[in-house]
2 protein chains.
Amino acid sequence: MYRIGELAKQFDVNTDTLRYYEKEGLLVPSSVASNGYRMYSSADAKTLGVILRAKAIGFSLSDIKTLLSIEVDKANKECLDVKLVVDDKLDQVNAKIDELQTFQRSLKRLSDACCGGHESAQDCTILQALESESFTILSECHHD
Amino acid sequence: MYRIGELAKQFDVNTDTLRYYEKEGLLVPSSVASNGYRMYSSADAKTLGVILRAKAIGFSLSDIKTLLSIEVDKANKECLDVKLVVDDKLDQVNAKIDELQTFQRSLKRLSDACCGGHESAQDCTILQALESESFTILSECHHD
DNA sequence: CTTGACCTTAGAGTTTACTCCAAGGTTTAT
DNA sequence: ATAAACCTTGGAGTAAACTCTAAGGTCAAG
């Protein structure tokens, strides 16, 4: 059994984070001592490990909650249930990457077009592009 | 001169958004009518265009504020000043893409390893991976 | 017996970019 | 005259995942 500070130190998180996870129903300490202190079992510690690993690969706390609820009722769940969560997140991540790559292309085009020297910004191609109403086309142009 | 609702309709934004941009110092209407109505000039409209285009390519409102402050003092600024903002944002976008691609690889590996069928989740490879302390290595493993 | 390190709760603050609401004033049309 | 469609202000609410503060209780060491 660990007190909150011990568990927090072990996993290098803030004690407030653990209280927050409890409030969110992700990690409820398996018992409470007579002095009111939260007491975490090694199963709790294992669960925290799962939470942090899931976070590290991009799951939101809400996703993780779903995953943990499947975990506790494994016997009555199917692989499909688990895979759906993962594939859903994968779709979100892919969509976000696509969006950022669109940003990236536009920014790179702006950057490459600009001399970046000590010349006056009066004629800066970047500012001109941002002022130009036809610039939006750039971010949607797919025939590079 | 446009009233706030006219400008909002023209650019398909909420009037509250325009008031918010004003509060943030991004777009201050060039005059206020005697009845207290905000009056936007066509220069203001052009600035709004710049703001929305900059937003569309991934700049935050704070970035845009910097860009606009350069814009109004173009004569005393250099191309370098502008390019630094763009390159800085490009670095941030690239970093975010890298992070998401790490997520993507981990998620894809999880997904691919799981049958996704109607089998019991008891032996699901995804759940096993999340429970395994050595799993973190996967997200950092570069020798595919 | 007091100091310091620990723990408790409830609640507020952070960030970003809005969005909504209430209560009221203005303008235009019928 | 009155309704509809505008506009004003100030302030609260939203999402996500914490982080911090205040005021106080607990515990071990010196």
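Hydrogens, waters and symmetry mates are skipped; everything else that's a heavy atom, side chains included, is used. To find a chain, count down the sequence lines: A is the first, B the second, and so on, and within it residues start at 1.
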Just the rounded figure in Å: distance from P of D/dC6 to CG of B/Leu7.
15 Å
Given that A/Asp16 and A/Ser34 both sit by DNA chain D, which one's nearest nucleotide is further toward the 5' end?
A/Asp16
Quick one: is A/Thr17 getting a side-chain N or O under 4.0 Å of the D/dT19 phosphate, OP1 or OP2?
yes
Interatomic distance where OH belongs to A/Tyr20 and P belongs to C/dG13 [whole Å]
18 Å
Once you round it to whole Å, what is the distance between P of D/dA16 and OH of A/Tyr21?
14 Å
A/Lys65 has an atom NZ; how far is it from atom P of D/dC18, in whole Å?
14 Å
Indicate, with a heavy-atom threshold strictly under 4.0 Å, whether A/Arg19 touches base, sugar-phosphate, or nothing.
base
Just by modelled atom types, is the A/Glu131 backbone N or O under 3.5 Å from a matching donor or acceptor in the B/Arg53 side chain?
yes
Find the distance A/Glu22:CD to C/dC7:C1' and express it as a whole number of Å.
13 Å
Between C/dT16 atom C1' and B/Ile64 atom CD1, what is the distance in whole Å?
12 Å
Interatomic distance where CG belongs to A/Leu18 and P belongs to C/dT8 [whole Å]:
10 Å
B/Leu27 has an atom CG; how far is it from atom C1' of C/dC18, in whole Å?
15 Å
Would you mind classifying the nucleic acid contact of B/Asn35 as base, sugar-phosphate or nothing, using non-hydrogen atoms under 4.0 angstrom?
sugar-phosphate
What nucleic acid atoms does B/Lys55 come within less than 4.0 Å of, heavy atoms only: base, sugar-phosphate, or nothing?
sugar-phosphate
Does B/Arg38 place a side-chain N or O at less than 4.0 Å from the phosphate oxygens OP1/OP2 of C/dT26?
no
Decide whether A/Asp123 and A/Gln128 meet the rule of one side-chain donor and one side-chain acceptor closer than 3.5 Å.
no
Nearest heavy-atom approach of A/Ile126 to B/Lys83 is CD1-CA, 3.9 Å
At less than 4.0 Å, is any side-chain N or O atom of B/Arg3 found next to OP1 or OP2 of D/dC6? Yes or no.
no
Is B/Asp16 salt-bridged to B/Arg19, going by a charged N under 4.0 Å from an acidic O?
yes
Among D/dT26, D/dC7, D/dC18, the nucleotide that comes nearest once only the side chain of B/Tyr37 is considered
D/dC7
Would you classify B/Asn14 as touching base, sugar-phosphate or nothing, given that sugar-phosphate means primed atoms plus P, OP1 and OP2, and contacts are heavy atoms under 4.0 Å?
sugar-phosphate
Touch class at under 4.0 angstrom, heavy-atom based, for A/Lys23 against every strand present:
nothing
Are the charged groups of A/Glu6 and A/Lys9 less than 4.0 angstrom apart, N to O?
no
